[in-house]
Protein chains: 2
Amino acid sequence: MKLLLVEDSQRLRNALKKGLEKEGFAVDAIGDGAEGLEWALAYDYDVLVLDLMLPGMNGLDLLARLRNAARQTHVLILSAKDQVQDRIRGLELGADDYLIKPIDFNELVARLKALVRRRYAAKSPITTIGAVKVNTALNQVWCNDREVALSPKEFALLQFLLAKRGRVMSRDLIRDHLYEGYGDVTGNVIDVVVCKIRKKVRVAGQADLIQTKRGFGYVIP
Amino acid sequence: MKLLLVEDSQRLRNALKKGLEKEGFAVDAIGDGAEGLEWALAYDYDVLVLDLMLPGMNGLDLLARLRNAARQTHVLILSAKDQVQDRIRGLELGADDYLIKPIDFNELVARLKALVRRRYAAKSPITTIGAVKVNTALNQVWCNDREVALSPKEFALLQFLLAKRGRVMSRDLIRDHLYEGYGDVTGNVIDVVVCKIRKKVRVAGQADLIQTKRGFGYVIP
DNA sequence: GAAGATTAAGGTTGGATTAACGTTTGGGTG
DNA sequence: CACCCAAACGTTAATCCAACCTTAATCTTC
């Protein structure tokens with residue numbers, strides 16, 4: 001899940017980035033409003049976390065211009081306790097949710113996941129495919145009623161393919177969704193991660209959860 | 001692959017033209033903004049590479065007018081590092097991608113190819129012809145409600161003929177689209193691929209999806 | 001130092017390409 | 001008009017190479 005974080009304070013920015021990455025998000029973190037808008041317009045993020053007080057360009061302006069460019073990216077606003085008017089304005093401009101600083105990290109994660117779920121039109125955080133059950137809210141995977149431990153990256157990949165279920169995802173697309181920035185990651189990383197997931201989530205006598213379409217990419221059918 | 005390059009500096013223009021032609025693009029290179037707009041409107045380019053700093057007409061104006069004329073041509077912007085505002089404006093106006101000077105030529109080529117791919121993939125995703133249904137978004141082909149697996153090359157060829165439906169495509173044209181850059185592909189490759197597609201997508205008692213116009217090429221009528 | 005992420009290397013598979021040969025087409029000729 | 005021939009096209013089989021899978025080693029991070 002690709003996430004853009006636009007936040008003034010470097011302390012908070014770094015802390016959030018780290019925490020969110022542990023939760024399986026691929027985070028691009030920007031400190032400047034104008035630059036943030038640039039990134040938001042240039043790429044297709046799953047969700048945007050937006051502080052309202054920004055140098056370069058005000059958070060509300062950023063949001064307005066994003067919506068003006070007809071972008072539907074889900075946006076969660078971070079605001080101070082006394083910025084009631086701004087918060088209202090933000091929701092009017094098409095923000096999808098907001099949190100008041102100081103932030104409860106777990107609540108932030110929960111709300112972000114809800115937004116992502118909404119984006120992919122999944123009603124429930126739990127998906128069951130054959131003998132495999134995935135809970136995207138708790139980052140848990142069950143296989144034949146036994147929990148299997150996936151690493152953050154493994155889980156992120158599984159979750160992404162699940163969100164795009166039925167569609168074949170090329171390695172390029174997967175890479176862009178699992179890693180920050182664009183196009184820098186090379187090699188066979190994706191292959192290896194897929195291999196590991198398969199090994200962990202394998203049920204004897206059954207087709208693999210993740211199938212490969214040679215020359216195109218991977219799918220969960 | 002028809003490409004329009006609108007770039008002020010003659011040095012860069014010539015260099016890019018040569019390089020891109022070596023990569024298999026058919027390049028029209030223009031140095032003036034107003035003239036560039038004329039060309040962009042006059043022909044149906046696969047992709048437009050647009051410098052922002054131009055004599056005659058500003059690159060952003062050019063882009064605005066192009067979109068104003070309802071042209072969907074994919075546009076890649078070239079800008080200097082400090083032109084953040086212009087870049088944002090460009091993306092808002094409907095540019096599809098941008099690169100910051102100085103340009104990494106390989107990255108330029110990679111991104112241009114991605115844009116062209118997007119162009120041919122993002123038409124209407126589902127086409128039905130007789131008993132055959134093609135979903136270009138999912139890389140799937142259905143024949144009599146049974147999915148048939150096409151290889152990447154087979155799919156690319158089918159997709160190309162579909163995009164040009166009704167028009168007879170010569171082997172040369174097809175080759176140029178399927179084998180960008182490498183140029184000298186000889187032999188009967190196209191014939192073989194067509195044969196394979198036909199075999200896979202054949203419906204008893206019905207004319208083949210792909211028809212051959214002897215001496216001219218292939219069509220999907 | 002332990003878990004996870006990434007790179008590297010080897011083995012395997014299947015698509016791409018070539019080449020050879022069979023088939024059709026269309027026009028020229030008696 | 002029937003025939004023939006050459007070029008264009010169709011099909012199949014064999015070879016080659018790129019994509020893929022897996023394991024192991026190396027690099028990061030906490």
Side-chain angles (χ1 to χ4, degrees), chain A residues 14-15 17-27 139 141 148-161 168-181 183-202 207-219, chain B residues 139 141 148-161 168-202 207-219:
Chain A
N14 289 340
K17 182 171 154 72
K18 276 197 184 162
L20 290 171
E21 278 172 350
K22 208 170 263 171
E23 287 290 330
F25 290 95
V27 181
N139 288 11
V141 179
V148 290
L150 294 194
S151 79
K153 200 114 264 178
E154 289 159 12
F155 191 83
L157 175 42
L158 180 60
Q159 191 181 351
F160 178 64
L161 286 180
V168 181
M169 291 290 119
S170 72
R171 285 171 174 70
D172 280 352
L173 267 163
I174 294 172
R175 251 201 344 247
D176 286 349
H177 251 87
L178 289 193
Y179 293 87
E180 57 186 277
D184 314 316
V185 183
T186 59
N188 62 341
V189 200
I190 306 296
D191 301 49
V192 175
V193 176
V194 167
C195 175
K196 287 186 172 172
I197 297 175
R198 281 174 171 158
K199 203 168 18 172
K200 289 183 179 177
V201 186
R202 184 131 47 194
D208 274 334
L209 181 69
I210 300 175
Q211 297 189 5
T212 115
K213 295 286 168 198
R214 174 175 257 254
F216 296 105
Y218 296 103
V219 219
Chain B
N139 292 358
V141 179
V148 290
L150 294 195
S151 80
K153 201 111 267 177
E154 290 159 11
F155 195 84
L157 174 43
L158 180 59
Q159 195 176 336
F160 177 67
L161 286 179
V168 181
M169 291 290 119
S170 72
R171 286 172 174 70
D172 279 351
L173 265 163
I174 295 172
R175 247 205 340 255
D176 288 349
H177 272 269
L178 292 190
Y179 300 87
E180 306 157 24
Y182 305 101
D184 31 40
V185 180
T186 59
N188 60 342
V189 198
I190 306 296
D191 300 51
V192 174
V193 176
V194 167
C195 172
K196 285 187 174 173
I197 297 174
R198 281 174 170 158
K199 197 161 39 165
K200 288 183 180 177
V201 186
R202 184 129 49 194
D208 273 334
L209 181 69
I210 300 176
Q211 298 189 5
T212 114
K213 293 292 169 196
R214 172 174 254 254
F216 296 101
Y218 296 102
V219 218

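Below, chains carry the letters A, B, ... as their sequence lines are ordered, and counting in each starts from 1.
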Result of checking Arg175(B), Lys196(B), Arg171(B) against Asp191(B) for salt bridge (charged side-chain N to carboxylate O under 4.0 Å, His left out)
Arg171(B)
Do you know the tightest heavy-atom contact between Ile210(A) and Ile197(A)?
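In terms of heavy atoms, the two residues are closest at CD1-CG2, 4.0 Å.
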Can you see which heavy atom on Ile190(B) is nearest to which on Tyr218(B), and at what distance?
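The pair with the smallest heavy-atom distance is CG2-CE1, 4.1 Å.
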side-chain contact (heavy atoms from CB on, under 4.5 Å) partners of Lys213(B), counting only residues at least two apart:
Val168(B), Phe216(B), Val219(B)
For atom [atom1] of [X] and atom [atom2] of [N], their distance in whole Å:
| X | N | atom1 | atom2 | answer |
| --- | --- | --- | --- | --- |
| Ile190(A) | dT6(C) | CD1 | P | 9 Å |
| Glu21(A) | dT29(D) | CD | P | 11 Å |
| Glu154(A) | dA3(C) | CD | P | 13 Å |
| Gln211(B) | dT24(C) | CD | C1' | 16 Å |
| Leu157(B) | dT17(C) | CG | C1' | 15 Å |
| Lys22(A) | dA5(C) | NZ | P | 11 Å |
| Phe155(B) | dA16(C) | CZ | C1' | 18 Å |
| Arg175(B) | dT17(C) | CZ | C1' | 14 Å |

Going by salt bridge (Lys or Arg N to Asp or Glu O under 4.0 Å), name the residues that satisfy it together with [X], two or more places apart in sequence or in a different chain.
| X | answer |
| --- | --- |
| Lys200(B) | Glu154(B) |
| Arg214(A) | none |
| Asp208(B) | Arg198(B), Arg202(B) |

Looking only at side-chain atoms of Lys153(A), point me to the closest of dA16(C), dA5(C), dT7(C).
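Looking only at side-chain atoms, Lys153(A) lies closest to dA5(C).
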Inter-axis angle, terminal five-pair segments of the helix from dG1(C)-dC30(D) to dG30(C)-dC1(D) [nearest 10°]:
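Overall, the helix from dG1(C)-dC30(D) to dG30(C)-dC1(D) bends by 30° from one end axis to the other.
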What I'd like to find out is whether the side chain of Leu150(B) reaches to under 4.5 Å of the side chain of Asn139(B), using heavy atoms alone.
no
Closest-nucleotide ordering on DNA chain C, the 5'-leading residue of Lys200(A) and Gly187(A):
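By nearest-heavy-atom nucleotide position, the 5'-most residue is Lys200(A).
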Taking OP1 and OP2 of dA16(C), is either one under 4.0 Å from a side-chain nitrogen or oxygen of Ser151(B)?
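Yes, within the criterion.
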Between dA16(C) and Tyr179(B), is there an OP1 or OP2 to side-chain N/O distance shorter than 4.0 Å?
no
If the sugar-phosphate is the primed atoms plus P, OP1 and OP2 and the base is the rest, what is the B/S/- string for nucleotides 3-16 of chain D, using protein heavy atoms under 4.0 Å?
----BBSSBB----
Roughly how far apart are Phe155(A) CZ and Glu23(A) CD, rounded to 0.5 Å?
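Nearest 0.5 Å value for the CZ-CD distance: 9.5 Å.
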